[in-house]
Amino acid sequence: MLDKVKELHQEIEQYTINSPEQLEQFRMRFISRKGVITELFEGLKSVPPTDRRAVGQELNGLKNFAQERFESFSQQVEEQQAATKNVAPVDLTLPTIPNLTGTQHPLTLVRQRIIQIFERIGFNVADGPEIESDWYNFGALNFPENHPARDMQDTFFVEKASMDTDVSSDMLLRTHTSNVQIRLMERQKLPIRSIMPGRVYRNETISARAHCIFHQVEGLYIDRNVGFKDLKDTLYHFVKEMFEPGTRIRFRPSYFPFTEPSAEIDISCQICGGKGCNICKHTGWVEIAGSGMVDPQVIANCGIDPEEYTGFAFGMGIERITQLKYVVNDLRLYTENDVRFLRQFEGL
Ligand code: DAH
């Protein structure tokens with residue numbers, strides 16, 4: 001029996017293991033209840049009682065030795081396996097990886113807020129083309145050809161009018177959303193009470209203050225007996241809903257070819273509260289929109305009788321309103337897709 005123990009001890013000592021299968025063979029032979037060591041323990045009964053204690057000790061020693069080797073072999077196999085898979089063993093106690101969802105773009109947030117404010121007072125949302133004819137972008141809005149008002153809105157021309165191609169008016173990227181006013185007045189049943197958000201283009205050198213792509217929201221209200229008071233009430237309401245309580249508003253006489261009279265709308269600077277800063281050029285006021293009573297000629301250009309119908313219109317820049325609401329001082333941030341900027345609007 002002792003010889004057998006010695007023999008098995010040697011066998012275990014020389015054992016090497018390189019795979020889970022070999023580990024299992026080792027377990028079956030030395031550790032399991034059907035293994036050789038258990039078998040020897042069973043043979044202990046037939047050892048003379050005087051020797052039993054000594055032999056038993058030897059057997060226990062062998063059993064412990066086999067168990068130790070088995071544990072170190074197990075660990076070795078586990079490490080080998082992890083290394084070949086090239087992954088760390090799974091740690092189920094680690095925190096989960098957060099699921100990063102996207103955020104809405106600040107311009108989208110502000111556009112939606114503008115729409116919400118006007119929808120609640122009965123305006124619907126309308127849309128028009130970004131590639132537009134000279135007539136809808138300029139002509140119908142009372143910008144005569146060669147009129148200096150066109151200089152303020154240089155743009156990208158896509159196609160020249162020509163007899164050969166059947167294009168009767170130059171095609172261009174629209175410089176404002178005012179083109180949609182004309183399309184609505186031509187097509188829609190009166191009265192019209194709509195806002196028209198969209199992208200517009202100008203031939204500008206890109207800087208912190210100017211961009212060749214930006215966004216506007218146009219507003220148009222045409223009905224019998226619409227007056228300047230309605231324009232003021234509507235925009236007062238908008239400013240009150242959109243900006244901080246206590247924001248002041250003023251109408252400043254201005255000129256647009258398609259409105260008469262025309263006014264620019266200023267609000268007290270949201271950044272400095274009207275004290276004067278870089279954003280308001282130290283005047284305490286910032287312009288947020290152009291507006292006016294729709295020129296009777298423009299109404300007539302769309303086949304509506306200006307003796308019977310009147311209306312007001314306004315157009316505001318979404319970037320400007322976003323700048324004032326969230327203190328965004330560089331227009332380029334809106335189109336750079338830098339997540340450090342975009343993430344700041346998370347949860348709004
Ligand atoms: N379209 C003008 C611009 O982009 C803004 C504007 C002024 C729109 C007066 C209007 C308006 O509807 O009535 O500069």
Side-chain angles (χ1 to χ4, degrees), residues 111 114 118 123 125-130 132 134-144 147-156 172-186 188 192-204 209-223 226-236 238-239 249-267 286-299 301-302 304 306 309-321 331:
R111 186 189 66 226
I114 296 172
F118 282 107
F123 283 75
V125 179
D127 203 3
E130 289 174 26
E132 188 54 288
D134 186 283
W135 170 251
Y136 282 102
N137 194 83
F138 292 124
L141 288 158
N142 254 355
F143 288 78
H147 191 280
R150 288 188 175 217
D151 288 350
M152 297 186 297
Q153 302 192 4
D154 186 21
T155 184
F156 305 94
L172 47 87
L173 299 185
R174 68 174 178 190
T175 59
H176 50 187
T177 43
S178 304
N179 65 324
V180 194
Q181 286 189 34
I182 304 301
R183 292 185 172 272
L184 289 186
M185 282 191 278
E186 277 182 353
Q188 273 194 10
I192 295 166
R193 207 194 282 140
S194 299
I195 54 166
M196 304 143 243
R199 198 184 288 155
V200 301
Y201 305 83
R202 297 215 186 151
N203 184 7
E204 300 267 2
R209 304 177 137 264
H211 210 293
C212 59
I213 301 176
F214 56 101
H215 300 79
Q216 291 185 335
V217 177
E218 194 81 9
L220 179 68
Y221 183 16
I222 304 279
D223 202 351
V226 178
F228 202 85
K229 178 186 185 298
D230 301 305
L231 169 62
K232 286 181 87 172
D233 282 348
T234 304
L235 290 169
Y236 279 170
F238 169 73
V239 168
I249 177 170
R250 74 177 183 190
F251 281 67
R252 187 163 38 80
S254 185
Y255 169 76
F256 300 102
F258 42 96
T259 45
E260 184 62 35
S262 306
E264 259 156 301
I265 295 140
D266 298 342
I267 60 167
V286 275
E287 181 201 320
I288 59 159
S291 71
M293 300 307 294
V294 182
D295 192 302
Q297 182 61 52
V298 174
I299 295 183
N301 285 346
C302 302
I304 299 169
Y309 285 94
T310 53
F312 68 73
F314 58 85
M316 56 181 104
I318 301 183
E319 278 80 356
R320 170 60 63 84
I321 290 177
L331 276 174

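Residues: numbered from 1 along the sequence shown. In listed order, ligands and their atoms are each counted from 1.
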**OP:** Only heavy atoms count here, so choose which of Arg174, Glu260, Glu218 is nearest to atom 12 (O) of ligand 1.
**Re:**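 Shortest heavy-atom distance from atom 12 (O) of ligand 1: Glu218.
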
Should [X] be listed as contacting ligand 1, given a heavy-atom distance under 4.0 Å as the test?
{"X": "Arg202", "answer": "yes"}
{"X": "Phe258", "answer": "yes"}
{"X": "Gln153", "answer": "yes"}
{"X": "Gln216", "answer": "yes"}
{"X": "Met316", "answer": "no"}

Say whether [X], considering both its backbone and side-chain N or O atoms, lies within less than 3.5 Å of an N or O atom on ligand 1.
{"X": "Thr175", "value": "no"}
{"X": "Gly290", "value": "no"}
{"X": "Gln181", "value": "yes"}

Original post:
Distance from Thr177 atom OG1 to Met196 atom CE, nearest 0.5 Å?
Top reply: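 That separation rounds to 7.5 Å.
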
**OP:** Classify the angle between the aromatic ring planes of Phe312 and Tyr221 as parallel (below 30°), tilted (30 to 60°) or perpendicular (above 60°).
**Re:**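 Ring orientation of Phe312 relative to Tyr221: perpendicular.
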
**OP:** Fit a plane to each ring of Phe138 and His176, take the angle between them on a 0 to 90° scale, and name the class: parallel (under 30°), tilted (30 to 60°) or perpendicular (over 60°).
**Re:**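 Ring orientation, 0 to 90° scale: tilted.
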
**OP:** Report yes or no: do Glu319 and His215 form a side-chain donor-acceptor pair below 3.5 Å?
**Re:**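 Looking only at side-chain atoms, His215 and Glu319 do form a donor-acceptor pair, the distance falling under 3.5 Å.
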
**OP:** Considering only NZ, NE, NH1 and NH2 on the basic side and carboxylate oxygens on the acidic side, decide whether Asp134 and Arg174 come within less than 4.0 Å.
**Re:**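 Result for this pair is no, no salt bridge flagged.
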
**OP:** Look at Glu132 together with Arg183 and state whether they make a salt bridge at an N to O cut-off of under 4.0 Å.
**Re:**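 The answer is yes: the pair qualifies as a salt bridge.
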
